[in-house]
Amino acid sequence: MTAFRVMKLLCQAVTNEQRYAKRFCGTLLTQTQQKRVFSPFWMVVYDPAKSTVFGLTQPFCTAEKSPKEPKTAFGSVGRRIPYRILHVINQDGESLGNMHRAEALKLMDQHDLKLVLLRENVEPPVYRLMTGQQIHEEQLKRAEKKKSSAKSKMVLKELSFSSTIAKNDLDTKTKQIAQWIEKKYHVKITIRQAKDSNTDMFMLFDQILETVSKKATYLSKPKITREGVSTCILRHMSDKELKAYQKMENQKNSTEKKDENEDLKSNELHQ
């Protein structure tokens, strides 16, 4: 009888010990797909159904990925250069080759320039010597590029009308097209060939383009999409295209004036 009571007391003690261990120290380490941080010590956890097992305690928190470091803003790094060997480019964009950071700092001080990190994920990292004005201009360019990339989704406007459209209505639509082009939208124009109409739809497209030719050009040239229906897409010219167009117009005007002057001289001689 005494032995039975002793066994009962031992079982209660083991049960209480197990509850205490689970409550304050965690449970045995089990397989899990979640990445965890483990405690640096060992402990004994008793399982009545098994022999004594040594294992790591279950953690109270899980590991989290460290946030990505923000990209360094474009600008002078001062004298804080963590790399021993650098590839250096001078203020004119010419490569000076690889050199020790002490040499790069010496060049920076001699010419009163600043060092700017261009490419870090190469061996050796690329730095450029720049003036304060050059850095400022590059920062403005990057800000403008970032701003324009935010508007990467191009707006497409559409107009559709018949080949027999009245002149007043066509003028209204070309004004609307000009406004959209001014906002740098793409404009899709669809013309439907009316019955018993001999209008050349391609000439009509060219006529519309002529009204906005100083700023627009074809993104997609006029084409027949199905019987009796033709489309084209207009877009705003790039800065390079605008300069080329203005140059061409100036040359054209210059040639016309020259021809007019020659005609006047010719008429004077005949008189």
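All residue numbers refer to positions in the sequence shown, counting from 1.
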Restricting to pairs with a member in residues 200-222, which pass salt bridge (Lys or Arg N to Asp or Glu O under 4.0 Å), not counting sequence neighbours?
->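 Sorted pair list: Glu182-Lys215.
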
Hey, could you give me each pair passing salt bridge (Lys or Arg N to Asp or Glu O under 4.0 Å) that has a residue in residues 132-142? Not counting sequence neighbours.
-> Glu138-Arg142

Please name the pair of heavy atoms, one in Ile85 and one in Pro124, separated by the smallest distance, quoted to 0.1 Å.
->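 Scanning both residues completely, I find the closest heavy atoms to be O-CB, 3.3 Å.
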
Heavy-atom closest pair, residues Tyr185 and Ile181 |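 Of all heavy-atom pairs spanning Tyr185 and Ile181, the closest is O-CD1, 3.9 Å.
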
Following the transitive rule for hydrophobic clusters with a side-chain heavy-atom cut-off under 4.5 Å over Ile, Leu, Val, Met, Phe, Trp and Tyr, establish whether [X] and [Y] coincide in one cluster.
X: Met108; Y: Tyr83; value: yes
X: Val155; Y: Ile189; value: yes
X: Leu209; Y: Ile177; value: yes
X: Tyr218; Y: Leu204; value: yes
X: Leu159; Y: Met201; value: yes

Side-chain contact, heavy-atom cut-off 4.5 Å: Val116 with Tyr127?
-> no

With a 4.5 Å limit on heavy-atom distance, are the side chains of Val187 and Leu219 in contact?
->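 In short, these two side chains do not touch, never coming nearer than 4.5 Å.
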
If the condition is side chain to side chain donor-acceptor pair (under 3.5 Å), which residues does [X] pass it with, not counting sequence neighbours?
X: Lys167; result: Asp171
X: Arg119; result: none
X: Asp109; result: Arg79
X: His87; result: Ser95, Asn98

What's in the same ILVMFWY side-chain cluster as Met203, cut-off under 4.5 Å, chained through other members?
-> none

Partner set under side chain to side chain contact (heavy atoms under 4.5 Å, CB included) for [X], not counting sequence neighbours:
X: Gln134; answer: Gln91, Arg128, Met130, Thr131
X: Leu96; answer: Val88, Asn90, Met99, Leu107, Leu129
X: Gln176; answer: Gln179, Trp180
X: Thr164; answer: Ser162, Ala194, Ser197

Ignoring hydrogens and angles, tell me if any N or O in the side chain of Ser76 forms a donor-acceptor pair with the backbone of Gly78 under 3.5 Å.
->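 Yes; at least one donor-acceptor contact below 3.5 Å.
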
Donor-acceptor contact present, side-chain Gln139 to main-chain Phe74, <3.5 Å = yes

Do other residues, nucleotides or ligands put more than 12 heavy atoms under 6.0 Å from the [atom1] atom of [X]?
X: His100; atom1: NE2; value: yes
X: Asn250; atom1: CG; value: yes
X: Asp92; atom1: CG; value: yes

Between OG on residue Ser238 and NZ on residue Lys243, distance to nearest 0.5 Å =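 With rounding to 0.5 Å, OG (Ser238) is 10.0 Å from NZ (Lys243).
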
Let me have the donor-acceptor pairs involving side chains of residues 223-237, under 3.5 Å, with sequence neighbours excluded, atom names and distances please.
unit_1 : atom_1 : unit_2 : atom_2 : d
Thr225 : OG1    : Val229 : O      : 3.3
Arg235 : NH1    : Glu241 : OE1    : 3.0
Arg235 : NH2    : Glu241 : OE1    : 3.4
Arg235 : NH2    : Glu241 : OE2    : 2.8

